[in-house]
Amino acid sequence: MSVDASVQLIHWYDSNARVLPWRARGEERPDPYRVWLSEIMLQQTTVAHARPYFEAFTRRWPSVESLAAADDSEIMAAWAGLGYYARARNLIGCARKVADEHDGRFPDSETGLLKLPGIGRYTAAAIAAIAFGRRAVVVDANVERVVSRLFAVEEALPGARPRLYALADAITPVERCGDFAQAMMDLGATLCTPRAPSCDACPLADRCDARREGEPERYPLKAAKSVRPIRQGNAYWLEHDGHVLLERRPPRGMLGGMLGFPTGSWAKTVEPGEGAPLAADWDEAGAVDHVFTHFALTLRLYCAPAASRDAGELWWPIDRLDEAGLPTVFAKLAARGTAWQRAA
DNA sequence: CACGCGTGGAA
DNA sequence: TTTCCAAGCGT
């Protein structure tokens, strides 16, 4: 594929680009803060899922300085439901570093951006290209799919990554590099899709080796993946005077830094009632199932009234649990606990 | 470099 | 119902 093919793709993008809230309109350069925020939210996340979060964040925190000044707990709660919570912790660290050490301006080079928490190779390249017009090789899962099809790459992921990167590098132009990157991603998201790609509408169909072979859906080849293990555990709903006991989870690990109900251990098999925060007449209130990336979890819920509330503990008003910013698995438990409370 | 790390929509 | 997967990063 020659450079004029990238021009061809950008031409397609000029009339087919998706309208997205973080994209600048017309000639103006997009706001680096909004580009950064969108790129973090979009990591492993669909546009449809990220969009309302982006709208809420930018309305509440219109600048990196305002975000840097916000409380951790407010930002974590606003992120609740978006998943991969390390992104939110790194988002906070990055905003404060930019505000405190870079005078509120994002670095305009890949190497500068790479020094910031939560910004890896893809995101640094994307921000450099989209926000600052730099020539950068932007390779995400969309680009890997498009490139693997264009050149019918027979090597499987993840081993093919260096080869796909080199191929992407070879077709990346200097001019309008940010638009080229977004064009590749829009192409992957709308036409060159994982299943049933719309080759008939593709601006690069006449240059696509996979299309020529007749099985574009076969690419990218992927290594076989392992089975997802199943774990179980217990969760505890302790109630007093219209409040329920929550705890802030440790800053690292599963759901790190988020609020949740006390739980015992999560393991292949867990005894009923294991890990209770205190001795009580626990009432069994059913169970919830939840599937994470690398394991499936069943949590049994135990409910009991508490004799008192200790200072230093986090007791949340039950009728305002929807404002607590609970990760989805705990939001499911909250629904069961609320049902138990109403029944009692 | 392999693994840990969420979620919800589509087929 | 199950499987796949979506603008990856940190360790």
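This one's a predicted model, so the numbers in the text were calculated from it and none came from an experiment. Letters go in sequence order (proteins before strands), and every chain restarts at 1.
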Original post:
Salt-bridged, E154(A) to R218(A), with N to O below 4.0 Å?
Top reply: yes
Original post:
How is T123(A) classified with respect to the nucleic acid when contacts are heavy atoms under 4.0 Å: base, sugar-phosphate, or nothing?
Top reply: sugar-phosphate
**OP:** Find the distance W266(A):CH2 to dC5(B):P and express it as a whole number of Å.
**Re:** 9 Å
**OP:** Indicate, with a heavy-atom threshold strictly under 4.0 Å, whether W22(A) touches base, sugar-phosphate, or nothing.
**Re:** base
Subject >> Contact nearer the 5' end of DNA chain B, comparing L326(A) with P158(A) >> reply: P158(A)
**OP:** Whole angstrom is fine here: how far is it from CZ in R252(A) over to C1' in dG4(B)?
**Re:** 13 Å
Original post:
Hey, does G81(A) reach any base, or is it just sugar-phosphate, or nothing, if we go heavy atoms under 4.0 Å?
Top reply: sugar-phosphate
Original post:
Between W266(A) and L299(A), what is the shortest heavy-atom contact and its length?
Top reply: NE1-CD2, 3.7 Å
Original post:
Base, sugar-phosphate alone, or nothing: which one does P327(A) contact when heavy atoms must sit under 4.0 Å apart?
Top reply: sugar-phosphate
Original post:
For the pair made of CZ in R195(A) and C1' in dT2(C), what is the distance, rounded to whole Å?
Top reply: 11 Å
Original post:
With the 4.5 Å side-chain cut-off for hydrophobic clustering, are Y236(A) and F261(A) part of the same group?
Top reply: no
Subject >> Lys/Arg N to Asp/Glu carboxylate O, R176(A) vs D14(A), below 4.0 Å >> reply: yes
Original post:
Counting a pair only when it is Watson-Crick or G-U and both distances are under 3.5 Å, which runs of at least 3 such pairs involve DNA chain B?
Top reply: B:2-5 with C:8-11, B:7-11 with C:2-6
Original post:
Are OP1 or OP2 of dT7(B) and a side-chain N or O of Y85(A) less than 4.0 angstrom apart?
Top reply: yes
**OP:** Look at D140(A) together with R121(A) and state whether they make a salt bridge at an N to O cut-off of under 4.0 Å.
**Re:** no
**OP:** Check every strand shown and say whether A141(A) touches a base, only sugar-phosphate, or nothing at a heavy-atom separation below 4.0 Å.
**Re:** sugar-phosphate
**OP:** Mind calculating the distance between CZ (R87(A)) and C1' (dA6(C)) to the nearest angstrom?
**Re:** 10 Å
Original post:
Does T190(A) reach the side chain of N16(A), with side-chain heavy atoms less than 4.5 Å apart?
Top reply: no
Original post:
For residues Q43(A) and Y122(A), is any side-chain donor paired with an opposing acceptor at under 3.5 Å?
Top reply: no
Original post:
How many Å lie between CG on L157(A) and P on dA2(B), as a whole number?
Top reply: 12 Å
Original post:
Between atom CE in M254(A) and atom C1' in dT11(C), what is the gap in whole Å?
Top reply: 17 Å
Original post:
Salt-bridged, R211(A) to D200(A), with N to O below 4.0 Å?
Top reply: yes
Original post:
Rounded to whole angstrom units, what separation is found between the CH2 atom of W79(A) and the P atom of dC9(C)?
Top reply: 12 Å
Subject >> Among dT7(B), dC5(C), dG10(C), the one nearest K222(A) by side-chain distance >> reply: dC5(C)
Original post:
When all nucleic acid strands are considered with a 4.0 Å heavy-atom cut-off, which category describes V138(A): base, sugar-phosphate, or nothing?
Top reply: nothing
Subject >> Side chain proximity check, P203(A) to Y13(A), heavy atoms < 4.5 angstrom >> reply: no
**OP:** Could you work out the separation of dC9(C) and dG8(B) based on their P atoms and round it to a whole Å?
**Re:** 22 Å
Subject >> Salt-bridge contact D31(A)-R34(A) (side-chain N to carboxylate O under 4.0 Å) >> reply: no
Original post:
Just checking I127(A): base, sugar-phosphate only, or nothing, at a heavy-atom cut-off of under 4.0 Å?
Top reply: nothing
Original post:
Taking for each residue the nucleotide of DNA chain C bearing the nearest heavy atom, is the 5' side occupied by I119(A) or by R228(A)?
Top reply: R228(A)
Original post:
Rounding to a whole Å, what distance do you find between L82(A):CG and dC5(B):P?
Top reply: 18 Å
Subject >> Residues from residues 41-67 of chain A lying under 4.0 Å of DNA chain C - heavy atoms >> reply: L42(A), Q43(A), Q44(A), T46(A)
**OP:** Please state whether the phosphate of dC5(B), meaning OP1 or OP2, lies under 4.0 angstrom from any side-chain nitrogen or oxygen of T293(A).
**Re:** no
Original post:
Strictly by modelled atom types, are Q44(A) and R87(A) linked by a side-chain donor-acceptor pair under 3.5 Å?
Top reply: no
